[in-house]
Amino acid sequence: RVAVVLERHLKVLHLCLFVEANLIREPLVVFVCATTGQGDPPDNMKNFWRFIFRKNLPSTSLCQMDFAVLGLGDSSYAKFNFVAKKLHRRLLQLGASALLPICLGDDQHELGPDATIDPWLGDLWEKVLELYPVPIDLPVIPHGVPLPSKFTLQFLPEAPNPSSKESCLAISDSLGPPSESQPFLAPMVTNQRVTGPSHFQDVRLIEFDITDSGISFAAGDVVLIQPSNSAAHIQQFCHVLGLDPSQCFVLQPREPDVPCPPGLPQPCSVWQLVSQYLDMASVPRRSFFELLACLSPHELEREKLLELSSAQGQEDLCEYCSRPRRTILEVLCDFPHTAGAIPPDYLLDLIPQIRPRAFSIASSLLVHPRRLQILVAVVQYRTRLKEPRRGLCSSWLASLDPKKGPVQVPLWVRPGGLAFPETPDTPVIMVGPGTGVAPFRAAVQERVAQGQTGNFLFFGCRWRDQDFYWGDEWQELEKRGCLTLVTAFSREQGQKVYVQHRLRELGPLVWELLDHRGAYFYLAGNAKYMPTDVMEALMSIFQEEGGLSHPNAATYLARLQRTLRFQTETWA
Ligand SMILES: Cc1cc2nc3c(=O)[nH]c(=O)nc-3n(C[C@H](O)[C@H](O)[C@H](O)COP(=O)(O)OP(=O)(O)OC[C@H]3O[C@@H](n4cnc5c(N)ncnc54)[C@H](O)[C@@H]3O)c2cc1C
Ligand SMILES: NC(=O)c1ccc[n+]([C@@H]2O[C@H](COP(=O)([O-])OP(=O)(O)OC[C@H]3O[C@@H](n4cnc5c(N)ncnc54)[C@H](OP(=O)(O)O)[C@@H]3O)[C@@H](O)[C@H]2O)c1
Ligand SMILES: Cc1cc2nc3c(=O)[nH]c(=O)nc-3n(C[C@H](O)[C@H](O)[C@H](O)COP(=O)(O)O)c2cc1C
């Protein structure tokens, strides 16, 4: 349908690969961009970003271009969809014409980014079809008929020899450090619960052996881990879809320009596809129901699926899926006739790919050579559904037990949002409640090993005997004069005490460090309320201790941010 028309007029321009100067010749461009860090463009957009903000671009550079900007963001971050908004303004400045207002996708919405994207796409197609009507010679695919699948699965009569080169994961002969397409299979060395046995939160200190991996990192870097589905879920999925997990297939794109997903072996077994690729533990989107309805041979189930994918059915979809966080696997079990009839060719169109999860590296190579440690909070919570909801990656990691046999985890490393000063004796103030302390463990280890002084750590947890991560280590470092530790045990008294309360209490010291000794300030942990609360505490310190007015305190904080003396790494 519309997609076919669009494909004729629009190329998919990956901004990471695209030669930017060619933009001048494009008549219609839809920009899809996420915001990362604290209002920053994603890494693969950085070249484009530098190009589009070049001061010497004339204000008429893009006057032949119609465009639309679709932003992917999360309103729990202070700079919501900052990149998309800035790009939209810049394109207008360069003479391009906006086909329609910017779309601001929001992860925090109950229906996810779809809540704004769906109606916006409707408007977009309308505008595009006005400009580029469907050619009369092109038959319109009727509603309810699925578009062809992106890939075909050609099943093999027998499993290939497992030692054949082709069947190896794209992991071996890597050039350069491990990456998403070539992760390192890191042996897990330990997986230790570090919260008290009766504490409600299960938090793990996990150590990997990275010997001969080519991986190197510094304090503030992040490790990406590619999780798998649990064996029980894989079996249930294969059962409900009528798939034989041991069968092997070769994946082929229908269109010549479409690459196969990196990391999937060729040939691939159904088990490998389901365990490593299909994100059946995620909450399905509206588009999942749309396609499933098209594929359903069962009248009653099809009707229900159509209802859930319709514009009027969105409140029902929210009630059925988004609020209780029902997963794709659970939905498939609720629609057994449809699930059993899904053509395998459509699996990759229907179910999104499992995305890697980021973890702040919690150790330094200077103290633990050939090792990489992380501190993982196992995500588990309840909704109205009987089964508790479990985070895919944290639960999978927690389930792995290196004491029972060798365990390997696919991972790679990338720079994080925190970088520490290299100048000797520049003080650092680190604020990390809960698992937010992880990157500061790496920083303290690194700085102490380098003989750097001026390490101030504000740590918050609930009870000193339940979730005081590395308590003994911090106290030992304090005794040696290498660290100043300030704690906030939130539940040990009637009133909550948080890190920001301790910052305020120590306002004169914080001001002295920042204003007189050029300290760097770091903040890591939960993105929800903590960062705003800590920033408010800082603002009041600037006013009370520095005698600044409110606007001047805001300017002072902005200057710290601009000069990288205020850095944050927060996660939702
Ligand atoms: C740069 C960076 C560094 C990070 N560092 C760390 C770290 O050091 N340690 C660490 O533990 N994590 C860290 N994280 C978070 C980590 O990447 C994962 O997001 C986390 O482990 C959860 O992943 P999961 O696969 O277990 O859960 P998922 O399957 O991804 O489920 C998580 C989702 O469940 C939902 N959810 C969670 N709790 C609730 C609730 N109570 N009610 C309703 N919905 C809920 C939310 O939508 C959440 O996004 C970091 C993230 C980033 C981006
Ligand atoms: N999405 C959320 O809103 C949310 C919030 C918290 C935790 N979690 C989940 O819980 C797990 C562990 O989280 P975590 O390691 O980040 O931290 P955490 O262990 O949940 O909390 C660490 C400490 O921070 C305190 N805290 C709570 N609100 C705060 C605020 N506004 N400012 C400063 N401190 C505050 C907590 O106190 P009290 O608990 O006593 O208030 C606790 O003492 C993760 O799985 C995380 O996803 C999620
Ligand atoms: C580390 C991190 C930082 C983020 N920072 C912002 C931000 O500053 N503003 C915002 O609107 N969204 C922010 N987000 C949300 C992402 O933009 C959003 O989840 C988006 O859908 C991610 O798309 P991607 O998975 O394709 O990268 C952030 C997400 C992460 C994980």
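We count residues from 1, following the sequence as given.
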Quick check against the 3.5 Å criterion: does [X] have a side-chain atom that pairs as donor or acceptor with the backbone of [Y]?
| X | Y | value |
| --- | --- | --- |
| T116 | L104 | yes |
| R285 | D114 | no |
| S213 | I215 | yes |
| R357 | I225 | no |
| D202 | V378 | no |
| N81 | G105 | yes |
| K85 | F80 | yes |
| T60 | C63 | no |
| Q272 | S269 | yes |
| E569 | G417 | yes |

*Ion pair check, D40 and K79, cut-off under 4.0 Å*: no

_Using a strict threshold of under 4.0 Å (side-chain N to carboxylate O), is an ion pair present between R355 and D279?_
no

*Tell me, which pairs form a ring-ring contact (aromatic ring centres under 6.0 Å, His included) where one or both residues lie in residues 303-323, sequence neighbours left out?*
none

Can you tell me how far the [atom1] atom of [X] sits from the [atom2] atom of [Y], to the nearest 0.5 Å?
| X | Y | atom1 | atom2 | value |
| --- | --- | --- | --- | --- |
| F82 | C33 | CZ | SG | 12.0 Å |
| F359 | T435 | CZ | OG1 | 9.5 Å |
| F237 | S230 | CZ | OG | 12.5 Å |
| N44 | W49 | CG | CH2 | 13.0 Å |
| I234 | S275 | CD1 | OG | 4.5 Å |
| L292 | I342 | CG | CD1 | 5.0 Å |

*Residues two or more places apart in sequence or in another chain: which of them pass salt bridge (Lys or Arg N to Asp or Glu O under 4.0 Å) with K304?*
E307

Is there side-chain contact between [X] and [Y], with heavy atoms separated by less than 4.5 Å?
| X | Y | value |
| --- | --- | --- |
| Y277 | C268 | no |
| L305 | F335 | yes |
| F151 | V258 | yes |
| D43 | T36 | no |
| I354 | L278 | no |
| P245 | V274 | no |
| Q408 | M188 | no |
| F155 | P344 | yes |

Please report the closest heavy-atom contact between [X] and [Y], naming both atoms and the distance.
| X | Y | value |
| --- | --- | --- |
| C103 | L70 | SG-CD1, 3.6 Å |
| L153 | D345 | N-OD1, 2.8 Å |
| S322 | E110 | CB-O, 2.9 Å |
| S75 | D106 | OG-OD2, 2.7 Å |
| V69 | W120 | O-CZ2, 3.6 Å |
| P356 | W412 | CB-CH2, 3.6 Å |

*Is the ring centre of F67 less than 6.0 Å from the ring centre of H88?*
yes

*Show your working on side-chain contact (heavy atoms from CB on, under 4.5 Å) between V203 and L375 and close with a plain yes or no.*
CA-CA 7 Å; V203 176; L375 186 68; 3.7 Å; yes

_Residues V250, Q266; criterion side-chain contact (heavy atoms from CB on, under 4.5 Å); working and verdict_ = CA-CA 6 Å; V250 174; Q266 285 276 40; 3.8 Å; yes

_Both conditions, 6.0 Å and 45 degrees, for the charged tip of K86 above the ring of F53: are they met here?_
yes

*Would you check, one step at a time, whether the test salt bridge (Lys or Arg N to Asp or Glu O under 4.0 Å) holds for R323 with E315?*
CA-CA 10 Å; R323 267 180 218 134; E315 183 47 38; 3.1 Å; yes

*Where do D118 and R286 land on the salt bridge (Lys or Arg N to Asp or Glu O under 4.0 Å) test, with the steps shown first?*
CA-CA 9 Å; D118 281 343; R286 181 175 169 182; 3.1 Å; yes

*Is the number of heavy atoms from other residues, nucleotides or ligands within 6.0 Å of NZ (K46) greater than 12?*
yes

*Using a cut-off of 6.0 Å, state whether more than 12 heavy atoms not belonging to Y529 lie near its atom OH.*
no

_Could you go through L306 and F289, starting from their C-alpha distance and side-chain angles, then the distance that decides it, and tell me whether this counts as side-chain contact (heavy atoms from CB on, under 4.5 Å)?_
CA-CA 7 Å; L306 279 173; F289 289 91; over 6 Å; no

Using residues 385-398 as the side-chain source, report each donor-acceptor pair under 3.5 Å to any protein atom, sequence neighbours left out, with the distance given to one decimal.
from	atom 1	to	atom 2	distance (Å)
R389	NE	E387	O	3.4
R389	NH1	R325	O	2.9
R389	NH1	E330	OE1	2.8
R389	NH1	E330	OE2	3.4
R389	NH2	E330	OE2	2.9
R389	NH2	E387	O	3.1
S394	OG	V379	N	3.0
S395	OG	G391	O	2.5

*In sequence, state the C-alpha distance, the side-chain angles, and the governing distance for S296 and E301, and then conclude on side chain to side chain donor-acceptor pair (under 3.5 Å).*
CA-CA 7 Å; S296 177; E301 289 188 3; 4.7 Å; no

_T568 vs Y77, side-chain contact (heavy atoms from CB on, under 4.5 Å): CA-CA, chis, key distance, verdict_ = CA-CA 11 Å; T568 62; Y77 287 89; over 6 Å; no

*Any luck finding a side-chain donor-acceptor pair between Q276 and Q226 under 3.5 Å?*
no

